[in-house]
Engineer: 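Could you have a look at this structure, given as structure tokens, before my questions?
All values below were derived from every heavy atom in this structure, side-chain atoms included, with hydrogens, water molecules and symmetry-related copies excluded. Whatever order the structure lists them in is the order used to number ligands and atoms, beginning at 1.
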Amino acid sequence: MGVAVLKARLIESREIAPEVKHFVFDVPEVEQLPYLPGQFVSFSHEFGEKKVTRAYSTASAPEENRFELCLNRVQDGIFSPWLFTLEPGNTVDMKGPLGYFTWRYPASDSILVATGTGIAPFRGMLASYLEGGGDREVTLVYGVRYEGSLLYREEFEEMERRYSNFRFWPTLSRPDASWSGRTGHVQQHVIEALDERRDMDVYICGLKAMVDDVRARLKELGLDRRHIIFEKYD
Ligand SMILES: Cc1cc2nc3c(=O)[nH]c(=O)nc-3n(C[C@H](O)[C@H](O)[C@H](O)COP(=O)(O)OP(=O)(O)OC[C@H]3O[C@@H](n4cnc5c(N)ncnc54)[C@H](O)[C@@H]3O)c2cc1C
């Protein structure tokens, strides 16, 4: 038996950075949409004769029949520009949530590594873990080019104030003169966060080039691949 096709209905969307939108959907035909934070939905739509399917990570912790997404409009892309034109009440065919990019239990001290919209699954995973009383040390290393592209920055800063076991390490690859925080790519900061430890879990999410590079460096440092959990967007 295949996975059931459901209709996701857009409740609202808002631009949270240039070319990036946060979406809130619900699934009216069910009362609860159970999923694990970090899982993705599989959306489909027919463009002319052609059915196109794309995956999008949930950016929320489960709540009734709702889920949230965070995506950027890929220039000359097919699906993402179409999603950006949706109005509240419009629906999208969906399957899921699906996938295995979720917390490993028992949880270890962990490093979460994201670039761009790769932050999406971590928003839901962190909310559920920290609000649920998770007490392992968690460092979020988040890389974007410009300060204005740090998605959900205030939320992560608030989490850092509230939970002493959480550290938020944003880094900019193209900072302007007013930025006094971390700079450069995520790789160097992941290595700093890992330090001499080889018992931490490292979760990585974003485009293939970054994910593969971080994985390769962690392996070089001797981190066992069972500690490396990743999701590639392309
Ligand atoms: C498990 C999984 C989860 C995903 N979750 C998200 C998510 O939460 N948010 C999100 O924005 N995308 C996510 N993606 C990527 C998404 O599925 C699409 O690939 C993306 O929206 C581009 O589709 P498109 O039809 O618009 O472009 P296409 O016509 O398919 O063009 C693809 C091109 O876009 C590039 N690309 C793919 N994703 C991105 C991206 N996010 N940013 C920049 N370039 C990209 C590819 O390298 C490729 O060159 C996820 C992918 C997977 C496999």
Engineer: Using 30° and 60° as the class limits, which term best fits the ring planes of Phe25 and Phe43: parallel, tilted or perpendicular?
Structural biologist: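 Plane angle over 60°, so perpendicular.
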Engineer: Heavy-atom pairs closer than 4.0 Å: do any link ligand 1 to the side chain of Ser57, the backbone, both, or neither?
Structural biologist: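 Contact part for Ser57 vs ligand 1: both backbone and side chain.
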Engineer: Heavy-atom distance under 4.5 Å between the side chains of Thr115 and Val144, does that happen here?
Structural biologist: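 The answer is no, as the side chains (C-beta and beyond) never meet within the 4.5 Å cut-off.
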Engineer: Which residue from Phe47, Phe84, Tyr56, Phe79 reaches closest to atom 20 (C) of ligand 1 through any of its heavy atoms?
Structural biologist: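 Looking at heavy atoms only, Tyr56 sits closest to atom 20 (C) of ligand 1.
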Engineer: Which of the listed options, Glu68, Glu19, His45, Arg54, holds the heavy atom that is closest to atom 23 (O) of ligand 1?
Structural biologist: Arg54
Engineer: Quick one: CZ on Arg225 to CG on Leu218, what's the gap to the nearest 0.5 Å?
Structural biologist: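 One finds 14.0 Å between CZ of Arg225 and CG of Leu218.
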Engineer: Does a salt bridge link Arg161 with Glu157, judged by any charged N lying under 4.0 Å from a carboxylate O?
Structural biologist: no
Engineer: Looking at CD of Glu155 and CD1 of Ile119, how far apart are the two atoms once the value is rounded to the nearest 0.5 Å?
Structural biologist: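 Glu155 atom CD to Ile119 atom CD1 measures 10.0 Å (nearest 0.5 Å).
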Engineer: Using a 4.0 Å cut-off to any heavy atom of Pro81, which atoms of ligand 1 qualify?
Structural biologist: 26 (O)
Engineer: Mind checking whether Leu69 contacts ligand 1 via backbone (N, CA, C, O), side chain (CB onward), both or neither, at a 4.0 Å heavy-atom cut-off?
Structural biologist: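 None of Leu69 does.
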Engineer: Which residue supplies the protein heavy atom nearest to atom 47 (O) of ligand 1, what is that atom called, and how far is it?
Structural biologist: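 Result: Asp234 OD2, 2.9 Å.
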Engineer: For the pair Arg197 and Asp109, find out whether any cationic side-chain nitrogen is under 4.0 Å from an anionic carboxylate oxygen.
Structural biologist: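 Salt bridge flag = yes for Asp109 with Arg197.
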Engineer: Distance to 0.1 Å, residue and atom name: give those for the protein heavy atom nearest to atom 52 (C) of ligand 1.
Structural biologist: Ala55 CB, 3.6 Å
Engineer: Under 4.0 Å from atom 29 (O) of ligand 1, can you find at least one protein heavy atom?
Structural biologist: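 Answer yes: something from the protein, a heavy atom, is under 4.0 Å.
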Engineer: With respect to atom 27 (O) of ligand 1, which of Gly118, Gly77, Cys70 exhibits the smallest heavy-atom separation?
Structural biologist: Gly77
Engineer: Provide, to 0.1 Å, the distance between atom 53 (C) of ligand 1 and the closest protein heavy atom, together with that atom's residue and name.
Structural biologist: Lys232 O, 3.4 Å
Engineer: Between the side chains of Asp26 and Arg9, is the shortest nitrogen-to-carboxylate-oxygen separation below 4.0 Å, so that they form an ion pair?
Structural biologist: yes
Engineer: Taking 4.0 angstrom as the limit, do Arg217 and Glu220 come out as a salt bridge?
Structural biologist: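 A salt bridge is absent here (no side-chain N lies under 4.0 Å from a carboxylate O).
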Engineer: Which residue supplies the protein heavy atom nearest to atom 6 (C) of ligand 1, what is that atom called, and how far is it?
Structural biologist: Tyr233 CZ, 3.3 Å
Engineer: To which protein heavy atom is atom 34 (O) of ligand 1 closest, and what is the distance rounded to 0.1 Å?
Structural biologist: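 Atom 34 (O) of ligand 1 sits closest to the protein heavy atom Val74 CG1, 3.3 Å.
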Engineer: Would you call Leu207 a ligand 1 contact, heavy-atom distance under 4.0 Å?
Structural biologist: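 Yes, that is the case, since the closest heavy atom of the residue is under 4.0 Å from the ligand.
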Engineer: May I ask you to establish whether Arg54 and Phe79 are in a cation-pi arrangement, using a distance under 6.0 Å from NZ or CZ to the six-membered ring centre and at most 45° from the ring axis?
Structural biologist: no
Engineer: I'd like to know if atom 32 (C) of ligand 1 has any protein heavy atom within a distance of less than 4.0 Å.
Structural biologist: no
Engineer: Which residue holds the protein heavy atom closest to atom 42 (N) of ligand 1, what is that atom called, and what is the gap in Å?
Structural biologist: Asn72 ND2, 2.9 Å
Engineer: Are there more than 12 heavy atoms of other residues, nucleotides or ligands under 6.0 Å from atom CZ of Arg66?
Structural biologist: no
Engineer: So with a 6.0 Å cut-off around NE2 of His185, is the heavy-atom count from everything else above 12?
Structural biologist: no
Engineer: Identify, for atom 26 (O) of ligand 1, the protein heavy atom at the shortest distance, and state residue, atom and that distance.
Structural biologist: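 Nearest protein contact, heavy atoms only, for atom 26 (O) of ligand 1 is Ser80 OG, 2.6 Å.
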Engineer: Should you measure from each heavy atom of Ala120, which atoms of ligand 1 turn up under 4.0 Å away?
Structural biologist: 8 (O)
